[in-house]
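First comes the structure, then the notes that go with it.
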2 protein chains.
Amino acid sequence: MLSKKTKYALHALTYLGKHKDEKTVLIQEIAEEYGISHKFLENILLELKKAGMLGSKKGKGGGYYLIKEPKDIPLSRVIRLLDGPIAMLPCVSLNYYEPCAECVNEAVCGINRVMIQVRDETLKILENKSLEDILKEE
Amino acid sequence: MLSKKTKYALHALTYLGKHKDEKTVLIQEIAEEYGISHKFLENILLELKKAGMLGSKKGKGGGYYLIKEPKDIPLSRVIRLLDGPIAMLPCVSLNYYEPCAECVNEAVCGINRVMIQVRDETLKILENKSLEDILKEE
DNA sequence: ACAAACCCTATTTAATTTATAGGGTTTGTT
DNA sequence: AACAAACCCTATAAATTAAATAGGGTTTGT
């Protein structure tokens, strides 16, 4: 399951996408829209900013704004940033690979094989769907 | 990511599948094969038994054994039993549905829509792949 | 009778996630 | 220049969940 962090990030990005004609949007405004903690959301937006997905303006009249076109923000990127691996097993993760401690021999592991298929089908969607696709539905 | 419980369950089932010509297999034997705690595995096997996937024999000379054909144990069933929902969001889970607390309106949520797609593709694999498919690879 | 091996429930420990805290820095306005 | 609004940053605490352990109970073959 996606963590709250990731869910909040996706919601916040969606909100910013909907308000991209406005120069900036306040953290507080987004937090209120979804009924989530201002401070928790602040940390998340900061992380999105550091990752180059958002811009911000400090001081009075400041706030956050998208610095990319929604179509250029794939959902896989957001999930990986906040949650880490998308795969169901560390041993099939493309970005966060780790061997499974209990695995006797990864080279002939049937569980591994199935989870590679799941990973590939999942990525086929999440790498090709972007913030734009979410916005189109709302 | 799958929990260790689920991973251990899948490995144990695989091991039992490989030894299905033997009447019973000891917990201890499986635990040693994968280097996992006897007691932890015991709890897991018990859960699999209660769910009707395994049979057991008590007392001296006892142990566990499969009571179904490997092809009749879909992976989705094992995962749901030990880990719960397969979906990435509670609001798209078929077996463990719950609304997302922060969601303003599920009826027009773009995140929901994408995650339904991911769920469907994932289930297409996990409901159709069985223990038999894992065994074939090993 | 005895020991092997599963059965059952509860508790503890560890890890992770979620949330809070609190001051720092920048910037527009007066 | 003063002030307040608003983001920046790091650390810590609280809550939840996952993982592991504990310990006795019951069944069964020899």
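Treat the numbers as computed from the prediction; the structure is a model and nothing was measured. In what follows, chains are A, B, ... by sequence order, proteins preceding strands, each numbered from 1. Below, each value reflects all heavy atoms present in this structure, side chains not excepted, and no hydrogens, waters or symmetry copies.
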Counting only side-chain heavy atoms from C-beta out, which of C:dC6, D:dC8, C:dA19 sits nearest to A:F40?
C:dA19

What integer distance in Å separates A:L54:CG from D:dC8:C1'?
14 Å

In whole angstrom, what separates A:K4's NZ from C:dT20's C1'?
15 Å

DNA chain C: B:G59 or A:K5, which has the more 5' nearest nucleotide?
B:G59

Under-3.5 Å donor-acceptor pair between A:E42 side chain and D:dC7 base
no

Return the value, rounded to whole Å, for the distance between atom CG of B:L2 and atom P of D:dA19.
10 Å

Can you tell me which nucleotide in C:dT29, C:dC6, D:dC7 comes closest to the side chain of B:I27?
C:dC6

Just how far, in rounded Å, is C1' of C:dC6 from CD1 of B:I30?
12 Å

What is the distance, rounded to the nearest whole Å, between atom CE of B:M1 and atom P of D:dA18?
14 Å

For the side chain of B:S56, counting heavy atoms from C-beta on, which of C:dC7, C:dT18, D:dC7 is nearest?
C:dC7

Are A:K39 and A:E42 ion-paired here, with the side-chain N under 4.0 Å from a carboxylate O?
yes

Could you check whether A:L45 gets within reach of a base, just the sugar-phosphate, or nothing at all, counting any heavy atom under 4.0 Å?
nothing

How would you label the contact of A:K50 with the nucleic acid (heavy atoms, under 4.0 Å): base, sugar-phosphate, or nothing?
sugar-phosphate

Is the phosphate of C:dA5, meaning OP1 or OP2, less than 4.0 Å from a side-chain N or O of B:T24?
no

In whole angstrom, give the distance that lies between atom CD of B:E29 and atom P of C:dA5.
11 Å

Of the listed nucleotides (D:dC7, C:dT18, D:dA22), which one gets closest to any side-chain atom of B:K39?
D:dA22

Tell which nucleotide pairs with D:dG29, taking only Watson-Crick or G-U wobble pairs whose two distances are both under 3.5 angstrom.
C:dC2

Could you check whether B:K7 pairs with A:E102 (Lys NZ or Arg NE/NH1/NH2 to Asp/Glu carboxylate O, under 4.0 Å)?
yes

Can you measure B:K58 atom NZ to D:dG29 atom C1' for me and round it to whole angstrom units?
15 Å

So, are A:E121 and B:K124 salt-bridged, with charged N and O less than 4.0 Å apart?
no

Examine C:dA5: is either OP1 or OP2 under 4.0 Å from a nitrogen or oxygen in the side chain of B:Y65? Give yes or no.
no

Does a side chain donor of either B:K71 or B:S130 reach within less than 3.5 Å of an acceptor in the other side chain?
no

If you compare every side-chain N and O of A:Y8 against the phosphate oxygens of C:dT17 (OP1, OP2), does one of them come in below 4.0 Å?
no

Nearest-Å distance, NE2 (A:H38) to P (C:dA21)?
13 Å

Taking B:E127 first and then B:R80, would you say they form a salt bridge - that is, a charged N and a carboxylate O separated by under 4.0 Å?
yes

Does the ring centre of A:H19 sit less than 6.0 Å away from the ring centre of A:Y15?
yes

Both distances under 3.5 Å, Watson-Crick or G-U wobble: report the partner of C:dT17, or none.
D:dA14

Comparing A:L46 and A:K60 on DNA chain D - which has the more 5′ nearest nucleotide:
A:K60

Would you say a side-chain N or O of A:K57 is under 4.0 Å from OP1 or OP2 of C:dG28?
yes

Find the partner of C:dC8: check Watson-Crick (N1-N3 plus N6-O4 or O6-N4) and G-U wobble (N1-O2, O6-N3) distances, both under 3.5 Å, and reply none if neither fits.
D:dG23

Of the nucleotides C:dT18, D:dT21, C:dT27, which has the atom closest to the B:N43 side chain?
D:dT21

Taking any heavy-atom pair under 4.0 Å as a contact, classify B:Q28: base, sugar-phosphate, or nothing.
nothing

